Amino acid sequence: MRSDVCLVQDTEAVYYATTRKSLIMLQTTLLTCCLMLVTSQHVFINEVPNDESIKPKPMLYPRESLSREIKDLNGLWNFRADVSPSRNEGFVEKWFEAPLAKTGAVIDMPVPSSFNDVTQSRTLRDFVGWVWYDREFYPPAGWKSPNVRVVLRFASAHYNTVVWLNGMSVMTHEGGHLPFEADITDSIVYNQANRITVALNNTLTPTTLPPGSITFQTDTKNYPPGYFVQNVQFDFFNYAGIHRSVQLYTTPSVYISDITVTTDINSDSGVVNYKILYGGTLKESLKSTVVLQDAQGETVAESNSLAGKFTITNAHLWWPYTMSEQPGYLYTLKVSISCASSYDEYHLPVGIRTVSTTNKQFFINEKPFYFHGVGKHEDADIRGKGLDLPLIIKDINLMKWLGANAVRTSHYPYSEEFMDQCDRHGIVVIDESPGVGITKARNMGNVSLVHHLSVMMEMYQRDKNRPSVVMWSVANEPASTIPQAVFYFGSVINFTRSLDPTRMVTFVMGGGSTPSEEKVAQWCDVLCLNNYFSWYTNSGHLEVIELQSNSSFWEWHLLFNKTIMQTEYGADTIPGLHMDPAQMFTEEYQCDMLAGYHKTFDNLRHNFLTGELIWNFADFMTEQSVKRVVGNKKGIFTRQRQPKAAAHLLRRRYQQLSENTVKY
Ligand code: GCB
């Protein structure tokens with residue numbers, strides 16, 4: 001056994017390891033079959049492989065209604081890191097069988113939060129391996145009914161998670177940033193405390209998303225016993241923990257399991273296509289009501305059918321906030337289903353809008369849309385990547401203060417609460433997968449590919465009904481010029497497009513990509529470019545920016561004949577550091593660098609440039625390295641969300657762009 005494997009393998013044993021192993025074998029076989037079907041150079045996986053991990057797992061966001069209750073399990077949980085050399089003690093000693101406090105010392109750990117920065121322990125900050133959480137809860141007595149279904153949901157936990165209820169395994173999940181849940185109706189016990197135990201492992205391997213690796217050192221002259229490091233292939237701290245809410249929610253036994261909405265425009269009318277699925281065992285005939293209400297609660301369309309199409313005359317379209325005095329307009333789709341024994345009701349916000357591109361522009365509702373916004377991170381002092389509602393609201397307010405109309409969820413899907421805000425405020429989202437750092441051929445094998453497809457499926461399931469999401473980004477800065485990238489990314493892009501033909505699909509290219517060597521860009525709707533002229537190349541030479549960015553844009557456009565977006569540009573800046581003439585790392589340099597790029601943007605935005613996103617909205621934490629001074633400092637805001645000089649410069653620009661935008 002490779003020694004790194006034990007960091008991600010549990011010994012409960014065999015259960016998890018074998019399940020994963022057989023899954024991987026099945027995946028490999030399926031992919032081999034798909035590969036054998038390849039008849040021409042560019043044929044990829046055209047349909048969803050018949051694989052459990054890639055099958056749609058409908059998962060409606062928990063919402064209270066007449067028929068649904070929610071019980072929050074956020075708060076302080078018991079916590080212990082398994083610091084044993086193998087990191088496997090918890091599984092060997094079956095910590096899930098008893099309260100954690102009985103098998104060793106525990107500390108209080110807030111949920112949601114990353115665990116890394118809440119204590120003074122360097123070991124915990126940099127910990128790699130299994131950590132354990134547990135807590136108890138009492139299920140409300142009213143839930144004890146044959147007609148109540150109880151679901152345990154984690155909105156996200158990073159990275160591999162195993163969950164037990166009262167010592168029984170109820171679910172496992174691979175990957176951070178996306179929700180997972182299990183029906184625990186039959187495992188929950190009434191009139192007594194129930195215990196949830198969670199084991200969570202942050203180890204990244206060549207086949208995780210994002211990928212990583214572990215280096216072990218056995219040279220005892222230079223390294224302490226058991227020394228190993230986690231290598232990451234991306235530029236942010238690998239925060240871990242139960243990052244988003246843990247909730248119990250109920251549905252009736254026959255329940256609405258999924259709703260898919262797509263929208264269209266037909267001259268002045270808005271079109272809402274919907275499809276509703278239900279779960280549970282139906283013994284009698286099912287009645288359904290589907291009502292579309294406007295923002296005032298007036299019914300504008302209704303039906304008794306589980307799938308259909310509403311045409312709304314003089315519809316209020318969903319507009320980005322820079323394009324309308326009434327942006328982010330949301331209707332509500334009120335769905336109810338009933339049979340003799342059961343009634344369920346779910347309310348889904350719906351925005352009517354269309355998205356399209358040409359080789360020069362991006363369109364929302366058939367009107368040109370120019371993205372001027374930010375690339376971000378979910379990142380803050382103390383809680384790391386843990387969900388933080390005050391921070392989300394502050395960030396949305398700062399984005400509007402700036403005049404930013406768009407955000408890329410670099411480099412993973414952000415919380416549902418953040419996405420809700422974008423829907424409501426009319427902030428346009430490029431929804432990016434955790435496919436960051438796919439930089440080596442060994443990250444593009446079959447196991448990686450199947451996992452990537454399954455992540456795209458989970459993202460699509462979670463965000464498919466959000467009007468703010470206009471484009472899926474399947475990856476950030478992968479090695480898209482190597483031969484393996486052709487099948488890998490061709491498949492991921494094709495698969496994503498087949499899931500969702502109503503939105504655009506792209507991936508983001510790094511500064512190292514050259515148009516003539518690029519192998520994946522041909523399948524993107526928008527060419528997304530990251531580059532750092534005068535920073536990583538020609539450092540300190542602001543005079544090259546305009547020329548180099550202009551030449552690069554033209555070269556890409558002429559070769560691929562597609563519209564282009566600048567998805568990253570920026571300079572590390574220590575707040576309060578000043579120099580005139582400007583030098584790298586000063587506030588002046590950041591301003592001058594941005595201004596250099598802006599000249600090119602202004603020359604090309606009436607041509608084929610479709611947007612500009614600053615890197616980064618705020619300073620963020622990274623691994624320690626000689627290139628980073630306590631994190632990446634390319635924020636135009638500090639990590640505490642205070643403006644650097646560049647925030648004011650960008651605000652003037654974005655506000656001006658907003659004022660000059662036609663309103664509908
Ligand atoms: C990039 C990456 C981003 C980094 C950034 C930088 O190209 O996409 O994750 O943080 O450069 O600051 O180096």
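Atoms within a ligand are numbered from 1 in the order they appear, just like the ligands themselves. Just so you know, these numbers come straight off a predicted model, no measurement behind them.
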Q. Any idea which of Y532, F234, Y536 brings a heavy atom closest to atom 13 (O) of ligand 1?
A. Y536

Q: Do me a favour and list the nearest non-hydrogen protein atom to atom 12 (O) of ligand 1 with residue, atom name and distance?
A: K634 NZ, 2.5 Å

Q | Nearest neighbour in protein (non-hydrogen) for atom 7 (O) of ligand 1 | A | E477 OE2, 2.3 Å

Q: Apply the side chain to side chain contact (heavy atoms under 4.5 Å, CB included) test between R503 and each candidate in D463, V469, V470, D431; give the one that qualifies.
A: V469

Q. Can the ring centroids of H411 and H377 be said to lie less than 6.0 angstrom from one another?
A. yes

**Q.** Numbering as shown, the atoms of ligand 1 that approach N632 to under 4.0 Å (heavy-atom distance)
**A.** 6 (C), 10 (O), 12 (O)

Q. Any non-hydrogen atom of R628 lying under 4.0 Å from ligand 1?
A. yes

Q. With distance as the sole test, does H372 use its side chain to make a donor-acceptor pair with the main-chain N or O of G403 at under 3.5 Å?
A. yes

Q | Ligand-residue contact atoms, ligand 1 with N530, heavy atoms, under 4.0 Å | A | 7 (O), 8 (O)

**Q.** Ligand-residue contact atoms, ligand 1 with F620, heavy atoms, under 4.0 Å
**A.** 10 (O)

Q.
Run W554 and F608 through ring-ring contact (aromatic ring centres under 6.0 Å, His included) and show every step you take.
A. CA-CA 9 Å; W554 274 107; F608 56 78; 4.8 Å; yes

**Q.** Residue, atom name and distance, where the atom is the protein heavy atom closest to atom 4 (C) of ligand 1
**A.** D235 OD2, 3.3 Å

(Q) Among all the protein's non-hydrogen atoms, which is closest to atom 8 (O) of ligand 1, and how far away is it? (A) E568 OE2, 2.7 Å

Q) Numbering the atoms of ligand 1 from 1, which are under 4.0 Å from a heavy atom of H411? A) 3 (C), 8 (O), 9 (O)

(Q) Measuring centre to centre across the rings, with the benzene-like ring taken for any Trp, is H541 within less than 6.0 Å of W535? (A) no

Q) Given that the side chain starts at C-beta and the backbone is N, CA, C, O, which of these parts of N476 lies under 4.0 Å from ligand 1, counting heavy atoms, or is it both or neither? A) side chain

Q | Check: H452 ring centroid to F495 ring centroid under 6.0 Å | A | no

(Q) Tell me if the centroids of the rings in Y239 and Y159 come within less than 6.0 Å of each other. (A) no

Q.
Within the structure, is a non-hydrogen atom of F236 found at a distance of less than 4.0 Å from ligand 1?
A. no

Q. Any Lys/Arg nitrogen of R497 or D525 sitting under 4.0 Å from an Asp/Glu carboxylate oxygen of the other?
A. yes

